Amino acid sequence: MLNLNRAQILGNLTKDPEMRYTPNGQAVANFSVATNRRWKNTDGTDGEATEYHEIVVWGKQAENIVPMLKKGNPVFVEGRLQTRSWEGQDGVKRYKTEIVADNTIVLGSKNKDYDPSPKADAPAKPSVTPTENQDEIDIEEIPF
């Protein structure tokens with residue numbers, strides 16, 4: 001029997017990401033993404049609900065993506081669901097389900113602090129000059 005554990009979300013960062021390193025030097029970033037759902041109730045009023053998703057990004061992807069992320073940025077995240085458990089200081093067992101990201105794409109970033117210039121040890125990347133016909137992705141125009 002085949003198994004599939006995939007999650008895809010498109011939403012906005014609820015806070016700036018937190019970056020840390022494990023004792024063996026592995027980079028790990030954590031952030032939260034909010035997604036909204038809207039509908040019409042049977043009485044014609046609008047309904048809305050917000051879900052909050054905890055995201056974990058590991059390794060080079062974490063180091064590369066964190067400088068581009070700021071609270072409010074629209075972001076697309078694709079990965080797998082993982083649930084962790086631990087015992088709190090009060091002795092109660094706690095659980096947390098997260099999305100461990102395989103792909104993270106910042107959409108329409110307006111982060112003024114992000115410096116896209118390559119680091120001294122990074123290989124040079126070809127530059128792309130925007131033209132009049134290239135527009136920034138508008139998150140409201142994505143049909144899902």
Side-chain angles (χ1 to χ4, degrees), residues 1-128 130 134-144:
M1 176 181 198
L2 295 176
N3 293 288
L4 179 65
N5 179 354
R6 297 301 301 156
Q8 295 180 329
I9 62 166
L10 179 63
N12 292 55
L13 262 71
T14 61
K15 61 182 179 177
D16 290 347
E18 296 175 10
M19 179 75 146
R20 59 186 170 78
Y21 291 85
T22 63
N24 67 356
Q26 179 80 1
V28 60
N30 297 84
F31 55 92
S32 179
V33 175
T35 56
N36 298 309
R37 181 173 70 94
R38 294 178 180 93
W39 67 90
K40 286 274 188 203
N41 291 316
T42 54
D43 62 0
T45 60
D46 292 334
E48 183 173 337
T50 302
E51 292 290 330
Y52 298 93
H53 312 275
E54 297 296 321
I55 313 298
V56 180
V57 185
W58 288 91
K60 280 290 188 194
Q61 183 183 179
E63 293 174 335
N64 292 336
I65 199 76
V66 164
M68 295 186 280
L69 297 174
K70 284 287 186 194
K71 178 180 177 178
N73 283 145
V75 65
F76 172 79
V77 177
E78 180 180 37
R80 63 183 167 83
L81 294 173
Q82 176 177 289
T83 301
R84 297 186 292 127
S85 66
W86 69 96
E87 188 172 306
Q89 292 180 345
D90 56 2
V92 176
K93 192 162 190 173
R94 307 215 189 282
Y95 298 90
K96 186 176 195 176
T97 300
E98 304 164 315
I99 298 173
V100 179
D102 294 327
N103 297 305
T104 307
I105 301 170
V106 181
L107 304 170
S109 174
K110 302 227 186 302
N111 181 356
K112 307 275 189 269
D113 298 329
Y114 173 62
D115 178 11
S117 59
K119 307 296 181 242
D121 60 347
K125 295 181 182 175
S127 64
V128 177
Q134 289 179 325
D135 294 327
E136 186 173 286
I137 295 173
D138 184 356
I139 198 81
E140 298 300 321
E141 292 179 4
I142 298 175
F144 51 87

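This structure is a prediction, so every number in the text was calculated from the model and none was measured.
- The salt bridge (charged side-chain N to carboxylate O under 4.0 Å, His left out) analysis of residues 72-86, with sequence neighbours excluded, yields the pairs Arg6-Glu78, Arg84-Glu98.
- Applying the side chain to side chain contact (heavy atoms under 4.5 Å, CB included) rule to Asn41 yields the partners Trp39, Asp43, Thr45; only residues at least two apart in sequence or on another chain are considered.
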### Message
Applying side chain to side chain contact (heavy atoms under 4.5 Å, CB included) to Ile65 and Val75, what does each step give before you reach the verdict?
### Response
CA-CA 11 Å; Ile65 199 76; Val75 65; over 6 Å; no

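- Here the CG atom belonging to Asp16 is positioned 12.0 Å from the OG atom belonging to Ser32, to the nearest 0.5 angstrom.
- Under the rule for a salt bridge (charged side-chain N to carboxylate O under 4.0 Å, His left out), Lys93 has no partner lying at least two apart in sequence or in another chain.
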### Task
Begin from the C-alpha positions of Arg20 and Asn30 and carry the test side chain to side chain contact (heavy atoms under 4.5 Å, CB included) through to its verdict.
CA-CA 9 Å; Arg20 59 186 170 78; Asn30 297 84; 3.8 Å; yes

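- In this structure, NZ in Lys96 is found 11.5 Å from CD in Gln82, a value given to the nearest 0.5 Å.
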#### Entry: From CA spacing to verdict: side chain to side chain contact (heavy atoms under 4.5 Å, CB included), Gln8, Val77
CA-CA 6 Å; Gln8 295 180 329; Val77 177; over 6 Å; no

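- Contact record, Trp86 with Tyr95: CZ3-C, 4.0 Å, taken as the closest heavy-atom pair.
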Would you give me the side-chain donor-acceptor pairs under 3.5 Å for residues 49-59, sequence neighbours excluded?
from	atom 1	to	atom 2	distance (Å)
Thr50	OG1	Asn36	OD1	2.7
His53	NE2	Thr35	OG1	2.8

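- What you find for Ala29 and Met19 is that their closest heavy atoms are CB-SD, 4.0 Å.
- Taking CG of Leu2 as the start and CG of Leu4 as the end, the distance is 9.0 Å to the nearest 0.5 Å.
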#### Entry: Stepwise side chain to side chain contact (heavy atoms under 4.5 Å, CB included) check, Phe31 with Thr104
CA-CA 12 Å; Phe31 55 92; Thr104 307; 4.2 Å; yes

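- For Glu87, there are no salt bridge (charged side-chain N to carboxylate O under 4.0 Å, His left out) partners at least two apart in sequence or on another chain.
- Distance CG/Asn12 to CG/Leu107: 9.5 Å, rounded to 0.5 Å.
- Remark: Asn5 engages no residue in a side-chain hydrogen bond (donor to acceptor under 3.5 Å, both in side chains) (not counting sequence neighbours).
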